Structures are given as C-alpha cells and as structure tokens.
Amino acid sequence: MAFVCNWCTYAGADLAGTSRMEYRPNVRIIKLPCTGRIDPLFIIKAFENGADGVLVSGCHPGDCHYTTGNYHARRRWIGFKNLMEFVGIDMRRLHFSWVSASEAIKWVDLINNVTDEIKRLGPFMEYKGLKENRAEQRKG
Amino acid sequence: MKMKLSNEDISSVRVRQIERISGEDVRKCYQCGNCSGGCPVSFEMEIPPSQVVRFLQLGRVDEVMAANSMWVCVGCLQCYSRCPKGVSVAAMLEALRQTVLRKGEDFEKIKDLPYPFLKKAPQQALVCGFRKFVS
Amino acid sequence: MKIPYYPGCTLNTVAKHFDASARDAAVSMGFEMEELAQWNCCGATFPLTPDNLIGLTAPAKVLSNARKAGDTLTTLCSVCYNVLKRTNKVMKDSKEKRAVVNGFIEEEYDGSLNIIHYLEVLRDRVGFVKVKEAVKRPLKGVKAGCYYGCMLLRPFEDIGIDNAERPTVFEDLLRALGAEVVDFPNKIECCGAHLAMNNEDVVVRLSGNVMTSAVGMGAELIVTSCPLCQYNLEKSQPKVSERTAGYAGVPIAYFTQILGLALGQPVEGLGFEKNATDIMPLLQKKGIV
Amino acid sequence: MPRIGVFVCQCGNNIASTVDTKKVAGEMSKLPGVVFTCDYKFMCSSPGQEMLKQAIKENKLDGVIVSACSPHMHEKTFRKASEAAGLNPYQCEITNIREQCSWVHHDKTRATGTVKSIDLTRMTIERLKRNKPLKKIKIPVRKKALVIGGGIAGIQAALDIAEGGRDVILVEKEPSIGGNMARLSETFPTMDCSQCILTPKMVEAELNERITLYTYSEVEKVDGYIGNFTVQIRRKSKYVDEDRCTGCGECIEKCPFKVESQFELNLTKRKVIYTPFPQSVPNVPVIDAPNCPKIQKDKCGACAIACGPKCIDFKMQDKIVTEEVGAIVVATGYQLMPNERFGEYGYGRIKDVISGMQFERLASSSGPTGGEIRRPSDGKVPQSVVFIQCVGSRDEKKGVSYCSKVCCMYTAKHTMLYSHKVHGGQAYVFYMDIRSGGKRYEEFVRKAIEHDNAMYLRGRVSRVYEKDGRVVVQGADTLSGSQVEIEADMVVLATAIVSREGADTLAQRLGIGYDKDKFYNEYHPKLRPVETVTAGIFLAGTCMGPMDIPESVAQGSAAASKVLALFSADEMAREPITSVVNRATCNACWDCLTACPYSAIERESVKDRQGNIVRWLAKVNEGVCQGCGVCVAACRSKSIDLRGYTDEQVYAAINAF
Ligand SMILES: Cc1cc2nc3c(=O)[nH]c(=O)nc-3n(C[C@H](O)[C@H](O)[C@H](O)COP(=O)(O)OP(=O)(O)OC[C@H]3O[C@@H](n4cnc5c(N)ncnc54)[C@H](O)[C@@H]3O)c2cc1C
Ligand SMILES: Cc1cc2nc3c(=O)[nH]c(=O)nc-3n(C[C@H](O)[C@H](O)[C@H](O)COP(=O)(O)OP(=O)(O)OC[C@H]3O[C@@H](n4cnc5c(N)ncnc54)[C@H](O)[C@@H]3O)c2cc1C
Ligand code: SF4
Ligand code: SF4
Ligand code: SF4
Ligand code: SF4
Ligand code: SF4
Ligand code: SF4
Ligand code: SF4
Ligand code: SF4
C-alpha cells in the first residue's frame, strides 16, 4: 500500500502512466494532500489489513506544496521508526521516498524495487491475523 | 594541433587514477582560467594550469605528462586559493608527479645536486624538494 | 607563561638565529617558548595526495607528542605552521584518516591541539598594544615591506590566520614596533620555494619580483617569517641586482630579529651577521644603532 | 443505506485493452450500497456526462464513483456534472484506473489490470460512503492592494493596478521611489537614458490618486489571508512634514554638514538633510538622524530656520499605520554583493577599482562627474579601463553559484558608453561566457566589440594591484592559453546581484518561501511565475532573482493582472478542503498550532456567562488553511480532522484494501 501526496508523487505516478511505463501491479495508492497528513496509525492499519509492505512518498524536501509539510512528516518518522520496530514491524517493509511530479522513472523503479524486496520477504503474517483475532475475541 | 577524441579518451582510467590520487574531480573545473592567470610560474609552464585540467577533462594524459608543468609548480596554492570552483590544480599536478615517482622514476638525482647548495639550503627546501622530485 | 614550541629542523640548523631571536624576544615580552622534549621533522610539505596518508605520519607524530605537553603548540616557520595546522585539521575532522594515521604512529591523537603561530601569540595573547609598550628602540623612519609568502596564509579554510588576500597581521606588528609599513603587490606571492633545488632561474625571477615590487613601493627592508623565503630572497639578491636596472638590493631579515631589535636587545645577539644581506647600514642611517 | 453509482470508463481502448471494464462494473454492483453500475466508452464526452447526470437523477444517487483517468484530469469535469444533476460535487470521487492501471500494467489477458481496478474502485467506494457534502468556502475580497518596494517593478505593478481601477498602497523604504534603476545611466538594449524613462513613471505614481505613496516606510507585520490582509506599516520619521513641504530645497542649501551619499555609492557627499537624488519622488527631504547634530546633541538647527513653511520638526516620531488590503505584491528588488569580499581585486583599497554601479554613476549625466568618465583617485580621464565580469557570480567558493544574468549586458553597455565618452580610450573585458539571450542582445554585444572596439578576453582575473599610479590587472586569456597583464587606469567590477539584506525576515513576515540565496520562490517557475504558494501574495522583479528592466516591468504588469483578476469578483470560492476542530475533545495542547505551516490555527477562548474564560480551544481559520493535514497527524487527541480526507475516510479506504 502506498500513501502518497497529491502534488508530487501522485502526479509523478500519473506521469508514469501517461508515459506508458510498466511496473509491478502490486501497489494500491491512497492519495492524501500531503505526507504531513499521514498518521502513523494509517500504516499500522494498512499492515493489519493485509498489506505486506507500505510505501510513503511525497515531495522532495524543500519542494513541498505546503511549504514545510514534508518536513513535519520527516521529523515525525524519526520517532515513528522506533515505534514500528517496537511493535514488531520489519523496517524493510516500510519505505519512505521522495518522488517529484517529474520523476516517473523514479516512481517506477521505486515500486519495482520495493515490490521485489517485499516479495523476497514473503507475506507479512504477524499482523494479518490481528484483525481477525480481534473480531473473534469480540465474538467470543 | 588536432585531437581525435574518442569515448575511451573521455573515460580514461588514467584520469580516474589522477582523480583518485588528488582527491579532485576534473569535471568541476569550468575553465575560467583564474589559476593560469594567478600562477606565479605559469610563464615557465609548457601547459598552463587551466589547460592541464582541460587536457585531463579530455582524457589526454600523455600531453600533460610530456609537459614540464608538474615539475615547475611551486605548490604555492594560489590556484586553489582563488579557484571559484574550489578545484586544486596543485593537487592534480602533485598527482601527476606521483604517477611518475611512485613508479620509482626520479626527476632529480640527489647525488647530482651541488654540494654548496646541500650545505647551505634550509632543510625544509631539501625535504620538500626530495618529496617533489625524488621517488 | 610557558608555551610549548616546535622549532622544526631548519630553525635547528641554518636558521638558528631565527629561533634564538624569537626566544629572546619572548622573554622580554614575558613568556617563554618551551621546546618540545621530543620532536621530528614535519615533512616540510603538506601532502596533497589524500589517497596516501603516509605523509601525515611525521607531522601527526609531532602533534601527538605535543599534546602530551599541553593543549597549544606554537611554531615559527611558516612551513611547519602550515603542515602542522593542516595535518591537525585532518586528524580532527576525518575519523577514518585519524584511525589510519594513529595506527601507523601507534598513538591515539584526536586533533585537539590548538596550533598557533608566533605572530598569533603576539597578536592574540600578548596583544600588539602591549608589544608597542615594550618597545625600547622604535624603528622610526624605517620603511618595511612585510613579506608573507604562501604558507602562512593558504589555504585560508585550513589556516585562517588572516585574510588570505589582504592580510594585515604582519604590518600591524611592524607598526607597533614603530616602523612605517609599505604595501606591495607581491607580498603574498611565491618566492620560488623548493625550486631552489633545481630551477634557479625561476627562483630569481619570483624572488626578484617580490623584492623589486617592495622596493618599488619604497621599502628599505623586507621582513620574512620563513627560512626558505629568507634564503631565496637573499640568494637571488645578486642576480636580481645584475638583471634589474636601478635596483641596488634590499636587506632581508626575520621578523623576530626586527622584533628583538625594537625591544632593545643587544644588536650583536640578534644574528644579523648570519643574514646574507646587511641591515646595519640602514639601521645606522636611521640612527637606530 | 447509501445509493452509490459506479461508472467505469473504457477511454476508447486506453483502459479497455488491459482492464475488463464490464467485469469491474459487475463486481462493484455486488457491494452493499451500490445501486447502479455501468461501463462506457468515453465518460468525459458529452454523452458520457449526460449519462452520468441522468443516472444520478433516475436512481436518486447520493454518491458517484467514476473509475477513469487521473483525478488531476477530469475530477473537475465530473464534479461539475454531478452538481448539475443536483448532487453535492464532493460526493463525486474518481478512481484512477488509467494512469495507475491500464497504462502501467500491459497484461493483455486483462487479469492484473482488472483485479487492481476492482481493488481501487472498492477502496474509493468505501471512502465515498464516509464523504460529507462540502461547500466551497466563500471569502469576501478587499479590493485594495499593497505593493512593497518602489523600484521599477513595484512602480509598474502599482500603476497597472491603479489603471485597472483599484486602490494601491506603495511602500518604499528609502526616501524616494525609483530603486536601483534611478542610479543607471543609459540602459541596454535601447540605450535610452534611465532617468528619462523612469522619472515620468515615478511622477505618475505620485500623482495617480488611486496610489498612496508611503516612502521611508517598512512593512512590520502582516496578518490575514487572501482577500483580507491586515498590514502594519512603520512610517519612519522624516523630521519634515510631508504635507507642508514645498520641496524648495532651502533647508538642504543651508545645512552645514555633509556625509557620504549612499545613493552615489560614496562617490560624492550629500547634506545631512537631503533627497537622495534631484528627481526624487516625493520631493521631500529627510533628515539623516544619526548624522544630524541637532537631533543627536541639540546643536545646529539651521534647516529649520531656513524653512519658509516651518515644516521641520526635530521631535517627530515614527508612526505605525494599519491598512487592510486584499492582495500584496512584493517587489523589493536586489542589492550588490560587497566587493570587499574579493581582496584580490583590491576594491576599497585601490581607489580606481570601482563597481559597475559606480560606473553607472560616473556615466550618468546627473552623476557626480556630470557624465564625464573620470577616475576617483585623481579625476583623470582613464585611457584604458579593464572590466571584470562575473565578480562573485558563478563563484561557489567566495560568492554565489548562479549567474547574475544582467552583467554581461551592462558591461557591454559600459564599454560602449566609455568609447563614446572617451575617444581613443581602450576598454578590455575579462569574461567567462557572454550571456546575451534576449531580443537584440547578442547584436548589442557584437556591436560593442565590432563597432566600439572593446577588447574581449576570455578568462578570469586572478588579481589586481597598484603600480606607479596605475592599476595592473593580471589574468588569463584562455583562448590563446596565455597569462595576461594589463596596466590600466581604472578597473570596473561587474559585481554579483544578490538578494536584499533582510529579504528572509520579510519573507517570514509574509509567509512566503525563499531559496538558498534568499530570493523569493515563485509558485511554479514556468507556469505560475509571479505567484507565491501563499494565496494572494504575488512577486515581481529582482526579489525573485537577477533580471533586467524589461523582465522586471513585465513581471510588475503580470503581478498586477493577477491582482486585478482576484479583485474582479466580490467573493472568492475556495476548495473546502480545510481542517475542523472537534470542540468537545480538543484539550488545547497547541500541537496543531505549532505544526501548521500556514499559521492557520488560532487560540479561541470559551467564556462562561459571566465572561470568564473557562477553557481554550484550537480554531481553524478557513481562509488561511490550505488543507495540508499536518495538524491532523500532529493532534494526539484526534481532535482535528481534515475535510475531504478525514481519518474515517482514510481508514475506510485502508480497510477496503
Ligand atoms: C550596474 C547595473 C547596470 C544595469 N543596467 C541595466 C540596463 O542597462 N538595462 C536593464 O534592463 N537593466 C539593467 N540593470 C538591471 C536593473 O537594475 C534591474 O533589472 C532593475 O532595477 C530591477 O528593478 P526592481 O524593481 O526589481 O528592483 P530595485 O530597483 O532593487 O527596487 C526595489 C525597491 O524596493 C525597495 N525595498 C527593498 N526592500 C524593501 C522593504 N522591505 N520595504 C519597502 N521597500 C523595500 C528598495 O528600496 C527599492 O527601491 C542593471 C543592473 C546593474 C547592477
Ligand atoms: C527544442 C526546444 C526545446 C525547448 N525546451 C524548453 C524547455 O525545456 N523549457 C522551456 O521553458 N522552454 C523550452 N523551449 C521553449 C518553448 O518551446 C517556448 O518558450 C514556448 O513553447 C513558447 O510558447 P508560445 O505560446 O509563445 O508559442 P508557441 O508554442 O509557438 O505557440 C503559438 C501557437 O499559436 C498558433 N498560431 C500561430 N499563428 C497563428 C495564427 N495566425 N492564428 C491562430 N493560431 C496561430 C500556433 O499554431 C501555436 O499553437 C524549447 C524550445 C525548443 C525549440
Ligand atoms: S581556476 Fe579553477 S575553475 Fe578556473 S580554470 Fe583553474 S581549475 Fe578550472
Ligand atoms: S600551486 Fe602550482 S599550479 Fe598552483 S598557482 Fe602555485 S605554482 Fe601554479
Ligand atoms: S474520462 Fe478520462 S478515461 Fe474516460 S474517456 Fe475521458 S479521458 Fe479517457
Ligand atoms: S539640524 Fe541637522 S539637518 Fe538641519 S541643517 Fe543642521 S545638521 Fe543639517
Ligand atoms: S525648506 Fe522646508 S519646504 Fe523647503 S524643502 Fe526644506 S523642508 Fe521642504
Ligand atoms: S551575466 Fe555574464 S557577467 Fe554576469 S554572472 Fe552571468 S556570465 Fe557572468
Ligand atoms: S490543514 Fe494544514 S493549513 Fe490547514 S490548519 Fe491544518 S496544518 Fe494548517
Ligand atoms: S492538537 Fe488537537 S487537542 Fe491540541 S490544540 Fe490542536 S486540535 Fe486541540
């Protein structure tokens, strides 16, 4: 699952489309106004819902449509990475990148590389169960 | 003079070696000529400092190896001090010297040096000179 | 005040009078140059080959010894100053290089020394105002050209003793000693350096430019801070006189000799006789001795 | 139960070739809440849109999904169509199955594309179910503009806005408007005299009744947002009553003290009470307080005695005025890099080494030499002049990395002026490259070389020194490969153009971006070159980077047209993507407030009936909020949410994954 910002990465992915580039089909994009909007819980939720990997991508530092939103995002990740490790998420499943509106090639490479790496790691089981477990618990 | 340039020249491994020894990147130089303008021994050089870099950019190491430039450079760092791109031609010339000296080829034979000089010259001139000219 | 001091090999041999006059002047200014108990040659040139660190071992050895004697190290010769200061910077800034060099010299030196030139001691620790107060024999009427050469100033990022293009430290000192200073274009240009070994022609030309440009601006005396500059200028003197119409030579002296002179030390002890150019006629003419 | 319609587009073959649109539509119809599905060849075509409208009406749809191309393409189209059919436009969402599916997954069996399209559409449906109808935000627009900086760019902007029938306040920090152009002699490429073309414009700006001039003034504080800015301006004390002063100049005449003139770049002196130059607008003198003995120690006062209308007041204080404006144009211009930084060129030490701007003053008929080229040291007419280009420009080490863009041209101009004024004089130019892109610019440079005999040498100068009353220039001519030495009478440095000191402070006050060199950032360098990311604030001229007069003027006009477009409506509509605070749960930790890059969050107090403050709350100013959502992620109590991208919506999409 990929969380991308509307202005840079989403447009970059569009450009990959208009340029008819091909990349691995495993990604599902969720568009947000800015990477600064991304709540760490989104990512945990994504894993719970069966994502094997999560990608977060926005404008390059300094290029943010909202001036400094991506700086906020970046600052947040520092603390956030620790949290992820703490809750047992393999950091190789979580990728952060900057893709600008003109970097279709970077987007394609990114998706391919991330997909391949996650394929190598295999499906992410630890979290997938969580949701069902919880549902069962509730029932039981 | 006519040069025939090829891809091999441009990506010459010998230039990469000079870059590795000197720690400089020849592409950074934009040929402004400031180094040649300020070098105190430019008048004596067969190829002035900025053109040394130019030949290296073109991958023409033979041309600069054949010239006296590296041996007359006094290491005064005026070129580096004023280069707007922060390039040190001094370091590149040092690297060129080193490619010779590291092969064990001396530019100067200690035994040929005149005795009065050896006796009177400041030690630093001797030590420095040996490092520049003797393998 | 005692300050750890590294003389370097030239000051221990052909430039003994540079060393001696500096020590004596220090005493009259109220501090003492304390020679390192153990030292070796610094290598006389800062190696410009970052791929090979062997050239850094000699100066690093000096630094690591000096660190045991204190947190400051003073030098006098411009070249030693340049080599030690730049090596120190490498040892301080680059973790990898530091590890390699320390491995070679079997020491654990971290670049924490403060390398200062004798001129900086006078300027920053003693203060030129104090120097001025201590003057007993002002150099009234002497027009001096201050010759910096290369190694005292460049590269600015590593040395930073003064503005690399418009230095004033030397002039400020000479002014404090009562001299008149003349600015001349070649004061930061090279004298020919180690080409003394095999290219006299170039040395004569470069040193000649330094001297004629100073004299052209009215200098009656050139003051130096480096034994190699001193040597090249003096050695070239006859040839330059021969080649330059209207040029009759100019006395060259170490700044410490001039300092000692102004501080009122006995003229005989200043080692002027060891210089190849004779300063005495000038001093007599100006009524200083 | 929601009533959702799903429209899958084939885009001719663009989508249909790798996505089975029928199947996508079919799968969707199985989802709860989906009451209508179809697939169609071209959804964006008129029949496609008609079909959409029809379906909304017939099926009483309360939500619409169009699975088609990127929302950046046609979101607007479909939202408009939905609105026309009576649906809230924000109940229409787009799934991107073209740029994200069919165009990037070329699987001809249509398996991958179809599966992915189904997933994406399902995620959008779940998200849509949590959508709330939103209304565009309407903001009233105050139809008065503020222009900061009275150089040529600012003057042009102010004149054009006034011409368009709107009021303008022009704030200039110096005693006169005119900026750098007022200093120039003649101007490339047409060589008209700068004062001759500038003065009429300055006077026009003064006389135009729609323009209020605040000279000797600076903007201190800016609050508000597009259409509604509140600006505080400090009007520095001139010690002269502007309204009563007749501009007779008696005071200047009688003032006994002189100091270096900044306007003349220290080439000459001016009085302590002064106008920067004779054509100053307004023609009202100011007292240079730090240098006036009357103000400092109550000695003198000659000017007050001389002044007929008695308008000099030594006790005058600075005033702060507050203005309400709807748009701001920033045109604060440039300054030159201090040449002293280049010790090797001797500027400041060698009198006859001057800057290009000083040369402009020497060549100007209103300058200190009356337009004769005379060197500063001894007033002699120089027989050879060396011009050095790129001083500080393109110099990563001691200067700036960029090219200053105008100096190649003005140096060529200088050589022409020089050759016209000093017959038999020789101009030498050291250059690295000649940058003369522009209409008739290359021809202009060639004329300097071929007609006016300037000697161009390709290379940089290493150093400049004095010798026997002349200036020796030592450099290189890289074309011949030689070291060059020229004994000249004067040296002119084409100094780098840099941003104004304090440009960053002003930018922070305005909330606009600037680059590493402190030039202001345009919204988009190609497509929105005079806008900033902050709505309602526009840029013009050299505050954005080096440029010449034609470009500065074009930008002044462009900014003005943007302002006029903004002012053409009484209200503005904005996308309703803004944050809202949950007043029940906000615990006033102000995490959102510090996080918001636009300072859109305010502190709101809640009072009880007695008027005592009982608690504090965060409040989003919808006019300012740009909808980035940074605050939402910052809030730890989940008390703030972003309309259109609520947590609920995002989680719904994730859950549908
Ligand atoms: C030596 C030289 C020669 C040139 N010759 C030519 C030529 O021949 N032809 C040509 O086309 N171009 C020429 N130019 C370029 C020309 O000068 C500029 O393009 C032009 O002046 C830019 O105008 P501006 O309004 O953007 O900036 P400026 O002229 O710098 O005006 C900015 C104004 O804003 C004011 N200001 C700054 N900050 C504030 C603040 N915070 N608050 C209020 N006011 C503020 C300033 O006081 C100034 O009045 C030359 C430039 C130089 C350096
Ligand atoms: C090889 C190349 C690469 C370039 N790369 C870049 C770049 O990377 N970045 C950049 O900023 N710029 C680039 N440019 C410049 C850029 O192309 C132009 O600046 C820009 O396209 C100009 O747009 P325009 O609208 O002025 O003119 P045009 O693009 O020429 O548009 C004029 C339009 O008017 C129509 N037209 C003409 N006459 C009539 C008529 N009588 N009646 C009705 N219609 C008419 C034409 O059909 C045309 O559609 C490049 C240019 C070239 C040649
Ligand atoms: S000064 Fe630097 S950039 Fe200029 S030619 Fe020499 S090496 Fe190249
Ligand atoms: S270091 Fe060598 S090349 Fe550089 S200026 Fe000095 S002599 Fe010339
Ligand atoms: S709506 Fe988009 S996908 Fe459909 S036909 Fe139009 S351009 Fe193509
Ligand atoms: S009071 Fe000040 S401004 Fe007036 S005349 Fe005296 S010095 Fe000049
Ligand atoms: S004398 Fe008075 S009226 Fe005349 S210019 Fe001066 S201040 Fe204005
Ligand atoms: S415009 Fe010309 S002189 Fe100015 S910085 Fe660019 S290249 Fe150099
Ligand atoms: S959405 Fe962005 S602009 Fe709006 S209040 Fe939140 S942080 Fe500020
Ligand atoms: S971060 Fe949340 S709780 Fe804190 S002030 Fe903002 S809305 Fe209120």
Side-chain angles (χ1 to χ4, degrees), chain B residues 17-24 38-41 43-45 68 71-83 86 88-99 101-102 107-110 112-114 116-134, chain C residues 8-15 41-52 55 58 77-80 82-83 149-151 153-159 164-165 186 188-203 205-206 209-210 226-232 235 276:
Chain B
Q17 192 196 355
I18 303 294
E19 288 187 325
R20 193 175 45 73
I21 299 176
S22 65
E24 296 291 321
C39 172
V41 290
F43 67 88
E44 183 78 4
M45 287 184 177
N68 69 351
W71 305 113
V72 295
C73 164
V74 284
C76 69
L77 300 184
Q78 203 62 275
C79 51
Y80 172 55
S81 175
R82 289 179 183 150
C83 173
S88 175
V89 187
M92 292 186 199
L93 291 167
E94 173 81 31
L96 289 164
R97 283 192 294 271
Q98 288 297 326
T99 56
L101 300 177
R102 285 182 188 179
F107 181 72
E108 208 53 73
K109 295 268 179 290
I110 298 178
D112 296 345
L113 293 172
F117 169 75
L118 289 175
K119 192 153 163 29
K120 280 211 148 155
Q123 270 54 35
Q124 60 189 101
L126 301 176
V127 179
C128 178
F130 293 158
R131 294 184 82 161
K132 302 276 183 193
F133 301 134
V134 183
Chain C
C9 27
T10 315
L11 272 69
N12 213 29
T13 49
V14 299
C41 170
C42 68
T45 165
F46 180 79
L48 299 176
T49 49
D51 74 322
N52 182 353
C77 161
S78 305
V79 174
C80 303
N82 186 287
V83 174
C150 316
M151 292 301 136
L153 298 171
R154 289 189 290 269
F156 175 73
E157 305 84 85
D158 293 0
I159 304 297
E165 297 289 350
N186 285 49
I188 59 165
E189 297 286 318
C190 186
C191 65
H194 62 273
L195 290 191
M197 183 175 271
N198 58 5
N199 204 332
E200 193 188 354
D201 230 42
V202 167
V203 173
R205 198 157 152 178
L206 298 191
N209 287 343
V210 171
C226 166
L228 184 48
C229 298
Q230 177 81 16
Y231 173 82
N232 277 341
K235 182 101 192 306

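Proteins come first, then strands; the chains are lettered A, B, ... in the order of their sequence lines, and each starts at number 1. All values derive from a computational prediction rather than experimental measurement.
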- Message: Is B/Arg131 close to chain C through its backbone or its side chain, or both, or neither, when contacts mean heavy atoms under 4.5 Å?
- Response: side chain
- Item | Under 4.5 Å from a heavy atom of chain B, the part of C/Cys41 involved | side chain
- Heavy-atom distance under 4.5 Å between the side chains of B/Pro40 and C/Cys190, does that happen here? yes
- Which one, C/Cys77, C/Gly43, C/Gly55, leads in non-hydrogen pairs under 4.5 Å with chain B? C/Gly43
- Query: Does a side-chain N-to-carboxylate-O contact under 4.0 Å join B/Glu44 and C/Arg205?
  - Reply: no
- Query: Is there a side-chain contact between B/Cys128 and C/Val79, using heavy atoms and a 4.5 Å cut-off?
  - Reply: no
- Message: For a 4.5 angstrom cut-off between non-hydrogen side-chain atoms, does C/His194 reach B/Gln124?
- Response: no
- Message: Counting heavy-atom pairs closer than 4.5 Å to chain C, which one of B/Val72, B/Val127, B/Ile21, B/Leu113 comes out on top?
- Response: B/Ile21
- Message: Less than 4.5 Å apart, side chain to side chain, heavy atoms only: is that true for C/Glu165 and B/Ser81?
- Response: yes
- Could you walk me through whether C/Leu206 and B/Val41 pass the side chain to side chain contact (heavy atoms under 4.5 Å, CB included) test, one step at a time? CA-CA 8 Å; C/Leu206 298 191; B/Val41 290; 3.8 Å; yes
- Item | Region of C/Ala196 that comes under 4.5 Å of a non-hydrogen atom in chain B | both
- Are the side chain of B/Arg20 and the backbone of C/Asp51 linked by a donor-acceptor contact shorter than 3.5 Å? no
- Task: Against chain C, label B/Leu77 side chain, backbone, both or neither, depending on which of its atoms sit under 4.5 Å from a heavy atom there.
- Result: both
- Message: Taking side chain as everything from C-beta outward and backbone as N, CA, C, O, which of these in C/Gln230 sits under 4.5 Å from a heavy atom of chain B? Side chain, backbone, both or neither.
- Response: neither
- Message: Is B/Leu93 close to chain C through its backbone or its side chain, or both, or neither, when contacts mean heavy atoms under 4.5 Å?
- Response: neither
- Query: Side-chain contact, heavy-atom cut-off 4.5 Å: C/Asn198 with B/Phe107?
  - Reply: yes
- Indicate whether the side chain of C/Thr49 and that of B/Gln98 have a donor and an acceptor atom separated by less than 3.5 Å. no
- Between B/Gly38 and C/Glu189 the two heavy atoms that sit nearest each other are O-OE1, 4.1 Å
- side chain to side chain contact (heavy atoms under 4.5 Å, CB included) between C/Arg154 and B/Tyr80, worked out: CA-CA 9 Å; C/Arg154 289 189 290 269; B/Tyr80 172 55; over 6 Å; no
- Query: Between C/Ala193 and B/Val74, what is the shortest heavy-atom contact and its length?
  - Reply: CB-O, 4.0 Å
- Note on the structure: Most heavy-atom pairs under 4.5 Å with chain C, out of B/Lys120, B/Glu24, B/Arg102, B/Lys119, belong to B/Arg102
- Most heavy-atom pairs under 4.5 Å with chain C, out of B/Glu94, B/Met92, B/Gln78, belong to B/Gln78
- Note on the structure: Honestly, the part of B/Phe133 sitting under 4.5 Å from a heavy atom of chain C is side chain
- Find the one option among C/Leu153, C/Asn199, C/Val14, C/Val203 whose heavy-atom pairs under 4.5 Å with chain B are most numerous. C/Val14
- Message: If I measure from the heavy atoms of chain C, does B/Arg97 come under 4.5 Å with its side chain, its backbone, both, or neither?
- Response: neither
- Note on the structure: Heaviest contributor of heavy-atom pairs below 4.5 Å to chain B, chosen from C/Asn186, C/Asn209, C/Asn52, C/Asn232, is C/Asn52
- Query: Which is it for B/Ser22 and C/Leu48 under the side chain to side chain contact (heavy atoms under 4.5 Å, CB included) test, yes or no, and what are the steps along the way?
  - Reply: CA-CA 6 Å; B/Ser22 65; C/Leu48 299 176; over 6 Å; no
- Item | CG on B/Asp112 to CE on C/Met197, rounded to 0.5 Å | 11.5 Å
